[in-house]
Amino acid sequence: MEFKHKSVLFDEAIAALELNENKIIADGTAGGGGHSREIAKTAKRLIAIDQDPDAINVLNERLGAMPNVSIVHSNFSNIKSIISDLNIPKIDGMLLDLGVSSFQLDNGDRGFSFHQDAPLDMRMSKTGLSAYDVVNSYDEKSLADIIWKYGEEKFSRNIARNIVKAREEKPIETTFELVDIIKASMPAKELKKGHPARKTFQAIRIEVNGELDRLKEALNNAFECLNAGGIIAVITFHSLEDRIVKEKFAEWTKGCTCPKEFPICVCGNKPKGELPFKSKSPSESELEENPRARSSRLRAFKKY
């Protein structure tokens with residue numbers, strides 16, 4: 001299956017990196033190489049990173065011949081060790097296009113999509129804990145907590161209870177088996193408000209891949225790797241990701257934290273950088289062309 005992924009906010013993300021021929025840029029979620037190819041046209045050097053072995057194969061085919069490109073099979077949170085292994089002291093920018101690629105969603109074998117019947121998997125790296133493991137081994141409270149925390153699904157307790165009840169009869173093995181359980185856990189009127197499994201699938205996928213923890217690690221590690229003037233640009237696809245990025249960027253741009261009644265600053269805290277813009281969302285024309293972009297948002301931070 002061809003690795004296709006429509007990069008959302010493509011022009012805006014490329015512009016946010018402020019590319020020139022002297023910069024070393026890391027694309028932490030290189031995927032099919034859309035952003036990476038464009039970056040490599042201008043940057044001095046590109047580090048194309050992805051944890052998905054299928055993506056790595058495609059990147060080697062599409063970008064392997066470019067002399068200024070290094071392709072690395074790893075998670076973007078490992079950026080410090082990645083550049084150390086490449087003997088690169090610092091980078092000038094890092095792009096993170098979060099979430100699931102169109103290829104991962106459309107490839108029935110991967111189990112990411114609630115629209116296709118497939119084995120419960122959802123592993124971006126194809127290794128470690130799978131969706132099958134989560135659904136069939138987590139206790140009811142843990143399942144409910146995950147579905148609520150990572151999916152913000154108000155019927156999380158009903159869904160968890162019915163998952164446990166169903167697996168007492170037999171293991172839950174496929175995406176459609178899980179979808180049927182989710183549908184049976186909701187009032188009929190709720191089934192008309194978008195796909196009923198969307199939030200639960202998101203929650204399980206985040207748990208399987210440790211997505212939010214990896215994002216927090218990546219932001220902190222990328223900050224340490226940046227040269228002065230370096231930029232971190234992040235495209236998020238749901239409120240949980242966006243909140244983490246927004247709060248971290250706010251922390252880095254915050255100055256004095258002393259109480260207002262203090263006549264002088266005693267905390268010594270100074271901003272570590274600035275926001276080139278508040279945030280950007282897709283245009284109407286992009287949404288018409290790519291409906292999957294509807295929840296995406298771009299944020300950027302520039303280090304002092």
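Both backbone and side-chain heavy atoms feed into the values below; hydrogens, waters and symmetry mates do not. Every value quoted in this text rests on a predicted model; they were computed, and no experiment measured them.
- Thr236 and Arg299 share no side-chain donor-acceptor pair at under 3.5 Å.
- We find that Arg214 and Glu211 are not joined by a salt bridge, their nearest charged nitrogen and carboxylate oxygen being 4.0 Å or further apart.
- For the atom pair CG (Asp85) and OG (Ser74), the distance works out to 9.0 Å, reported to the nearest 0.5 Å.
- Side-chain atoms of Glu274 do not come within 3.5 Å of backbone N or O of Thr253 as any donor-acceptor pair.
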Report task. Give the intermediate values and the outcome of side chain to side chain contact (heavy atoms under 4.5 Å, CB included) for residues Phe114 and Ile182. Result -> CA-CA 11 Å; Phe114 40 74; Ile182 294 167; over 6 Å; no

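- By the 6.0 Å contact criterion, CZ on Arg167 is enclosed, its count of non-hydrogen atoms from other residues, nucleotides or ligands being greater than 12.
- The aromatic rings of Trp252 and Phe301 sit tilted, their planes meeting at an angle between 30° and 60°.
- With Asn269 contributing its side chain and Lys254 its backbone, the two residues share a donor-acceptor pair below 3.5 Å.
- Both Ile163 and Leu191 are assigned to one and the same hydrophobic cluster, defined by single-linkage of ILVMFWY side chains at heavy-atom distances under 4.5 Å.
- Looking at Phe201 and Leu178, their side chains come closer than 4.5 Å, going by heavy atoms from C-beta outward.
- Residues Met124 and Val100 meet the side-chain proximity criterion, which asks for heavy atoms closer than 4.5 Å.
- Summarising the geometry of Leu19 relative to Ile39, their closest heavy-atom pair is CD1-CA, 3.9 Å, with the distance given to 0.1 Å.
- Checked by atom type and distance alone, the side chain of Asn221 pairs as donor or acceptor with a backbone atom of Ser77 at under 3.5 Å.
- Follow the hydrophobic side-chain contacts under 4.5 Å out from Leu59 and you never reach Leu98; the two are in separate clusters.
- Under the side-chain contact (heavy atoms from CB on, under 4.5 Å) rule, Glu241 has a single partner from Leu212, Ile235, Leu96, which is Leu212.
- For the residue pair Ala300 and Leu275, the shortest heavy atom distance occurs at O-CD2, 3.4 Å.
- Between Lys170 atom NZ and Ile172 atom CD1 the span is 8.0 Å, to the nearest 0.5 Å.
- With Ser295 contributing its side chain and His238 its backbone, the two residues share no donor-acceptor pair below 3.5 Å.
- Side-chain contact between Val245 and Arg297: absent, with no pair of heavy atoms (C-beta onward) separated by less than 4.5 Å.
- Between the side chain of Asn68 and the backbone N or O of Ala40, at least one donor-acceptor pair lies under 3.5 Å.
- Looking at Glu38 and Lys41, a side-chain N of the basic residue comes within less than 4.0 Å of a carboxylate O on the acidic one, giving a salt bridge.
- Heavy atoms from other residues, nucleotides or ligands lying under 6.0 Å from NZ of Lys270 number 12 at most.
- A continuous path of Ile, Leu, Val, Met, Phe, Trp and Tyr side chains, each step under 4.5 Å between heavy atoms, connects Ile79 with Leu219, placing both in one hydrophobic cluster.
- Ile231 and Ile49 are not part of a single hydrophobic cluster, where members link through side-chain heavy atoms under 4.5 Å apart.
- Within the 3.5 Å criterion, the main-chain N or O of Ser130 finds no donor-acceptor partner in the side chain of Asp121.
- Listed by chain and number, the residues in a side-chain hydrogen bond (donor to acceptor under 3.5 Å, both in side chains) with Ser81 amount to none (sequence neighbours excluded).
- In this structure, Arg243 contributes its side chain and Leu240 its backbone to no donor-acceptor pair below 3.5 Å.
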Requested in this report: Go through Phe237 and Asp97 one step at a time and tell me if the side chain to side chain contact (heavy atoms under 4.5 Å, CB included) criterion holds.
Outcome: CA-CA 9 Å; Phe237 285 86; Asp97 181 1; 3.3 Å; yes

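- Between Ile206 and Lys149 the shortest side-chain heavy-atom distance does not fall below 4.5 Å.
- Between the NZ atom in Lys199 and the CD1 atom in Ile147 there is a gap of 12.5 Å [rounded to 0.5 Å].
- A distance-only check finds a donor-acceptor pair linking the side chain of Lys23 to the backbone of Glu18 [under 3.5 Å].
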Report task. Go through the steps to decide whether Val8 and Glu286 satisfy the test side chain to side chain contact (heavy atoms under 4.5 Å, CB included), and finish with yes or no. Result -> CA-CA 8 Å; Val8 306; Glu286 180 171 0; 3.5 Å; yes

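- Within the structure, every pair that satisfies the ring pair (Phe, Tyr, Trp, His ring centres under 6.0 Å) test and touches residues 29-83, not counting sequence neighbours, is listed here: Phe10-His35.
- Shown here for Ser125 and Asn209, the closest heavy-atom pair between the two residues is N-OD1, 4.4 Å.
- Taking CG from Asn162 and CZ from Arg157, the interatomic distance works out to 14.0 Å, rounded to the nearest 0.5 Å.
- For the pair Gln116 and Asn107, the minimum side-chain heavy-atom distance is 4.5 Å or more.
- Salt-bridge annotation for Lys165 and Glu168: absent, with no side-chain N of the basic residue lying under 4.0 Å from a carboxylate O of the acidic one.
- Between the CZ atom of Arg205 and the CZ atom of Arg123 there is a distance of 15.5 Å, given to the nearest 0.5 Å.
- In this structure, Leu143 and Val134 have side chains that are in contact, with non-hydrogen atoms separated by less than 4.5 Å.
- Residues Ile82 and Met94 fall within the same hydrophobic cluster, defined by Ile, Leu, Val, Met, Phe, Trp and Tyr side chains chained together at heavy-atom separations under 4.5 Å.
- Between Asn22 and Lys44, every side-chain heavy-atom pair lies at or beyond the 4.5 Å cut-off.
- Nearest heavy-atom pair across Ala293 and Leu287 is C-CD2, 3.7 Å.
- Listed for the Asn60 side chain is a donor-acceptor partner under 3.5 Å among the backbone atoms of Ile56.
- Salt-bridge formation is detected for the pair Asp54/Arg110: a Lys NZ or Arg NE/NH1/NH2 atom is positioned less than 4.0 Å from an Asp or Glu carboxylate oxygen.
- At distances below 3.5 Å, at least one donor-acceptor pair connects side-chain atoms of Asp50 with backbone N or O atoms of Gly31.
- Listed here is the closest heavy atom pair of Glu177 and Pro171: OE1-O, 3.7 Å.
- Contacts classified as ring pair (Phe, Tyr, Trp, His ring centres under 6.0 Å) and involving residues 126-147 (residues at least two apart or in different chains) are not found.
- The line from CZ of Arg161 to OG of Ser156 is 9.5 Å long, rounded to the nearest 0.5 Å.
- A 4.5 Å side-chain heavy-atom check between Ile47 and Asp27 finds every atom pair outside the cut-off.
- Among all heavy-atom pairs drawn from Gln104 and Phe112, the shortest one is O-CD1, 3.4 Å.
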Query - side chain to side chain contact (heavy atoms under 4.5 Å, CB included) assessment of Ser36 paired with Arg62 - result: CA-CA 10 Å; Ser36 286; Arg62 296 180 179 177; over 6 Å; no

